[in-house]
Student: 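Have a look at the structure that comes next, please.
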Amino acid sequence: MTYPPSDWMPSATELSGKRIMVTGAGDGIGRAASLAYANAGAEVLLLGRTEAKLDRVYDEILAAGGPTPAVVPCNLATVSYDSLCALAQELGSAFDHLDGLLHNASLLGDRKPLTQTSANTWHEVMQVNVNAAFMLTQVLMPLLEQASSASVVFTSSGVGRRGKAFWGAYATSKFATEGMMQVLSDELAGISAIRVNSLNPGPVNTAMRRTAYPAEPPETNPTPEALMPMWVYLMSDASREVHGQALDAQPR
Ligand code: NDP
């Protein structure tokens, strides 16, 4: 089974009435997903570490006529569990539910042999890519439970499904991401309306890809915008039955 079905395209109201949080919303895939969600009618909570970038996305959404988003400045490398609890409480007093959570923010870390990867880099990559996603999911679970059908999407990678030399902490963090998706989806199956999946974007022309492959002509790969139907699909009710899947946004 491939997702979305080959003839599926989002309508202009595909996500109307939905409220979706996107991490790493200021750039790359997170920015494109935020714009696509708003374009399909969703209210987007833009979480990221660089407020100026989030403000630009906020302005772009309003300029395109989308629902007013919210900016949530948050550095996932340094955030504590307590401050994420406080954030969830703040969101809980402003909103009665959350329909979607796209875990998108990630750090690439060093492209080096594992034996030469610094402990600091290792910890920082794990903190942003794994620990923060775990903590954020946990604190937002009560709000997700209040939605009629919420979707949690973890962003994976090809090297999170098959390890490769010199992908160090990043690849290991993406294996952990897949593991977190499998554990959570299994725990929620049959007892919750929340669905949980992972999505491997495949190669996409973003700052991260250009850093990982400096010699590759950037236009080799699609823009994030070109791939967005998949991201919208996973937040739309059209994917209600999709749960516990490790998905690919591009043919592998
Ligand atoms: P980018 O590096 O272009 O964007 C990552 C975003 O995450 C940025 O907005 C960045 O913020 C944000 N971010 C990074 N660290 C933190 C932090 N500590 N706190 C909050 N936000 C943070 O990456 P992509 O768009 O390429 O990647 C998006 C996702 O897709 C990632 O999970 C990545 O692993 C995955 N992926 C990407 C592929 C690709 O080819 N591009 C391939 C496979 C997977 P800021 O704007 O401030 O830098």
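Given the structure is predicted, the values throughout are model-derived calculations rather than measurements. Whatever order the structure lists them in is the order used to number ligands and atoms, beginning at 1.
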Student: Quick one: which ligand 1 atoms are inside 4.0 Å of a heavy atom on Pro203?
Tutor: 40 (O)

Student: Going by the order shown, which atoms of ligand 1 are within less than 4.0 Å of some heavy atom of Cys74?
Tutor: 19 (N), 20 (C)

Student: Which ligand 1 atoms are under 4.0 Å away from a heavy-atom of Ala105?
Tutor: 7 (O), 13 (N), 21 (N), 22 (C)

Student: Give the atom numbers and elements of ligand 1 that come within less than 4.0 Å of a heavy atom of Thr50.
Tutor: 45 (P), 47 (O)

Student: With heavy-atom distances below 4.0 Å as the criterion, list the atoms of ligand 1 near Gly28.
Tutor: 3 (O), 25 (O)

Student: With a 4.0 Å heavy-atom cut-off (strictly under), which part of Lys53 contacts ligand 1: side chain, backbone, both or neither?
Tutor: side chain

Student: Only heavy atoms of Ala207, strictly under 4.0 Å: list the atoms of ligand 1 that pass.
Tutor: 3 (O)

Student: Considering only heavy atoms of Ala77, which atoms of ligand 1 have at least one such atom less than 4.0 Å away?
Tutor: 18 (N)

Student: Measure from atom 5 (C) of ligand 1 to every heavy atom in Ser157, Ser106, Gly30 and give the option owning the shortest one.
Tutor: Ser106

Student: List the atom pairs, donor and acceptor, that lie under 3.5 Å between side-chain atoms in residues 60-69 and the rest of the protein, sequence neighbours left out.
Tutor:
unit_1: Glu60; atom_1: OE1; unit_2: Arg31; atom_2: NE; d: 3.2
unit_1: Glu60; atom_1: OE2; unit_2: Arg31; atom_2: NH2; d: 2.7

Student: Considering only heavy atoms, which of Val57, Val22, Asp27, Leu47 lies nearest to atom 4 (O) of ligand 1?
Tutor: Asp27

Student: Number the atoms of ligand 1 from 1 as they appear, then name those within less than 4.0 Å of a heavy atom of Met208, with their elements.
Tutor: 1 (P), 2 (O), 3 (O), 23 (O), 26 (O), 33 (C), 34 (O)

Student: Between Tyr233 and Trp8, what is the ring plane arrangement, given parallel below 30°, perpendicular above 60°, and tilted in between?
Tutor: perpendicular

